[in-house]
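To start, the structure itself, in structure tokens.
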Amino acid sequence: MKTAVIGAGSFGTAISQILADNSEEVYLFARRPEVVESINRDHENRAYHPGVKLKGNIKAVHMERKDLIEESDYIFMAVPSGNLREITRSMRDALKNKKMISCIKGIEHPSLKPMSMVMKEETGSETVFSISGPNFADELIRGMTSGITIGAPASYHDEITELLRSAGVLLDYSENIQGVEFCGILKNVYAVAMGILDGQITGENHRYAILTICFREMIRILDRMGCGELYDKFCGFGDFLLTASTDKSRNRTLGLMLGKKMRLSEDSTITIESLRSIKAIRELTDDLELPVLELVHRTMDDPENVNIHIRDFQKAIAVY
Ligand SMILES: NC(=O)C1=CN([C@@H]2O[C@H](COP(=O)(O)OP(=O)(O)OC[C@H]3O[C@@H](n4cnc5c(N)ncnc54)[C@H](O)[C@@H]3O)[C@@H](O)[C@H]2O)C=CC1
Ligand SMILES: O=C(CO)COP(=O)(O)O
């Protein structure tokens, strides 16, 4: 099998390292020629994973190499959600009959479409699947034990398992492709909340009371979105707990900054999917009373008054 990974960033490089164990070739698509050259020369993606030797059958390629998409059996999408539609549109002809897997934990706004739907729309492919789970790229790329949920029809589970079979990778499965995507989208937003509240948390009892309230809201939203059954999969609460509790998380870090009234620089290129997904999640749940989600939405919308938003949140959960 040959596989292609679109997006030579943190996750694209990490999943390529996993795929390299079971693919003849892994074509890692990068948009900057200097990244292509440096990965192929040094077998290292210095910008994202300095010091990690990439396996020899990972070949960085330019975005124009649509011929290599044709050659590949599976295409993994690992770009930020905001870039996906333009990318799939630009590769439409090469992608149209391909089996594609979204690794993206974002949702399109204002369309409210998950990435698998964007990929289907732009390419006409009917074989678009998803993976998600507690998977910090820096651990995944080092072969550290990581759980991944595969979202695909059962008839594809064995084939995708063979692709992802690698030391340290644990797998579970669902046929709810969009549900697996939605879990990854939702956990980012609630991780922001745990960051915002970190400065208010007075002890471990308090922390886990707040986490329980987050769980409670997330279950209601997952049920609303038809994926409540996924909470005990790797893509479910495992990924939420990982992201909400670990300072490595970019979404949690955004929350920590917001809680301290610190601003993200205007020209930041860091991928923080909750920045785009918060509006979509709120629109999908605007008839539900969700104090945690309300805290995140109000703080992102009006960061100066974060202390008022936290105070109102604390009042809301007092009678929760
Ligand atoms: N980093 C992690 O630990 C994990 C990330 N993910 C998800 O993977 C997705 C990608 O995130 P990261 O890899 O972390 O982001 P990143 O910022 O590390 O990498 C994104 C890559 O996409 C490339 N890119 C952007 N626009 C492009 C375009 N038009 N054409 C070609 N390449 C383009 C960028 O150059 C960059 O190399 C996100 O949805 C994220 O939530 C999922 C699990 C873990
Ligand atoms: O999705 C991730 C871990 O599963 C990465 O989280 P962040 O995008 O918050 O860094």
Side-chain angles (χ1 to χ4, degrees), residues 4-18 27-36 38-39 45-50 60-66 69 75-91 101-108 114-116 118-119 130-142 144 146-149 180-195 233-257 268-277:
V5 177
I6 313 295
S10 313
F11 195 76
T13 309
I15 200 71
S16 297
Q17 191 82 324
I18 301 290
Y27 300 120
L28 179 56
F29 282 72
R31 62 177 162 179
R32 286 172 294 170
E34 65 276 15
V35 173
V36 173
S38 86
I39 289 177
N45 188 340
R46 203 161 290 123
Y48 292 96
H49 297 289
V61 297
H62 296 278
M63 290 301 285
E64 298 71 37
R65 292 299 306 273
K66 313 287 196 307
I69 297 278
I75 319 293
F76 286 73
M77 289 293 184
V79 292
S81 59
N83 305 85
L84 180 73
R85 191 173 283 275
E86 61 164 312
I87 293 169
T88 39
R89 191 169 288 167
S90 71
M91 297 180 151
I101 296 185
S102 172
C103 311
I104 304 170
K105 295 180 178 177
I107 186 168
E108 191 174 62
M115 297 296 105
S116 61
V118 170
M119 290 153 73
S130 58
I131 60 169
S132 192
N135 300 163
F136 282 130
D138 67 320
E139 296 185 18
L140 197 67
I141 198 166
R142 289 172 171 79
M144 294 168 75
S146 302
I148 300 176
T149 299
V180 169
E181 291 180 282
F182 197 76
C183 286
I185 297 160
L186 189 61
K187 65 91 184 174
N188 282 335
V189 171
Y190 278 80
V192 175
M194 288 309 292
K233 299 283 184 190
F234 291 126
C235 63
F237 284 156
D239 200 4
F240 164 61
L241 283 174
L242 173 96
T243 312
S245 319
T246 319
D247 288 352
K248 265 195 279 197
S249 157
R250 295 159 299 187
N251 288 282
R252 173 183 161 83
T253 302
L254 172 66
L256 290 169
M257 290 175 69
S268 167
T269 56
I270 298 174
T271 298
I272 305 179
E273 289 283 5
S274 56
L275 286 168
R276 297 171 53 86
S277 51

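The chain is numbered in sequence order, starting from 1. When a ligand or atom number is given, it counts from 1 through the structure's own listing order.
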Could you work out, with side chain to side chain donor-acceptor pair (under 3.5 Å) as the rule, every residue matching [X], not counting sequence neighbours?
X: S116; answer: E181
X: N135; answer: none
X: E273; answer: S81

- Query: Taking both backbone and side-chain atoms of R32, is any N or O found less than 3.5 Å from an N or O belonging to ligand 1?
  - Reply: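 N/O-N/O distance under 3.5 Å: no.
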- Would you mind finding which of V79, T271, I185 brings a heavy atom closest to atom 9 (C) of ligand 1?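 The residue whose heavy atom sits nearest atom 9 (C) of ligand 1 is V79.
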Using a 4.0 Å heavy-atom threshold (strictly under), name the region of [X] that reaches ligand 1: side chain, backbone, both or neither.
X: K105; value: both
X: I87; value: side chain
X: F29; value: neither
X: A8; value: backbone
X: H49; value: neither

Any idea which protein heavy atom is nearest [atom], and the distance to it?
atom: atom 14 (O) of ligand 1; result: R250 NH1, 2.7 Å
atom: atom 35 (O) of ligand 1; result: R31 NE, 3.2 Å
atom: atom 3 (O) of ligand 1; result: A137 N, 2.9 Å
atom: atom 39 (O) of ligand 1; result: E273 OE2, 2.7 Å
atom: atom 4 (C) of ligand 1; result: F11 CD1, 3.6 Å
atom: atom 7 (C) of ligand 1; result: C103 O, 3.5 Å

- Query: Will you find, in the side chains of N251 and T243, an N or O donor that is under 3.5 Å from an N or O acceptor?
  - Reply: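 Side chains of N251 and T243: no pair found under 3.5 Å.
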Just the distances, no angles: every ligand 2 N or O to protein N or O pair closer than 3.5 Å, one line each.
| residue | atom | partner | partner atom | Å |
| --- | --- | --- | --- | --- |
| ligand 2 | 1 (O) | K105 | NZ | 2.9 |
| ligand 2 | 1 (O) | K187 | NZ | 2.8 |
| ligand 2 | 4 (O) | K105 | NZ | 2.9 |
| ligand 2 | 4 (O) | G133 | O | 3.1 |
| ligand 2 | 4 (O) | N135 | N | 3.0 |
| ligand 2 | 4 (O) | D239 | OD1 | 2.7 |
| ligand 2 | 8 (O) | R250 | NE | 3.3 |
| ligand 2 | 8 (O) | R250 | NH2 | 2.9 |
| ligand 2 | 8 (O) | N251 | ND2 | 3.2 |
| ligand 2 | 9 (O) | S249 | OG | 2.7 |
| ligand 2 | 9 (O) | R250 | N | 3.1 |
| ligand 2 | 9 (O) | N251 | N | 3.0 |
| ligand 2 | 9 (O) | N251 | ND2 | 2.8 |
| ligand 2 | 10 (O) | R250 | N | 2.9 |
| ligand 2 | 10 (O) | R250 | NE | 2.9 |

- Task: Show which atoms of ligand 1 fall inside a sub-4.0 Å distance from at least one heavy-atom site of M63.
- Result: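 Those qualifying, in numeric order: 30 (N), 31 (C).
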- Message: Contact between ligand 1 and K248 is defined here as a heavy atom of the residue under 4.0 Å from a ligand atom; is it met?
- Response: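 Contact check K248 vs ligand 1: negative.
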- Query: Do any heavy atoms of A78 fall under 4.0 Å from ligand 1?
  - Reply: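 A heavy atom of A78 does come that close to ligand 1.
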- Message: Go through it in stages, so that I can follow the logic: the residues are T149 and K233, the test is side chain to side chain donor-acceptor pair (under 3.5 Å), and I'd like the CA-CA distance, side-chain angles, deciding distance and then a yes or no.
- Response: CA-CA 7 Å; T149 299; K233 299 283 184 190; over 6 Å; no
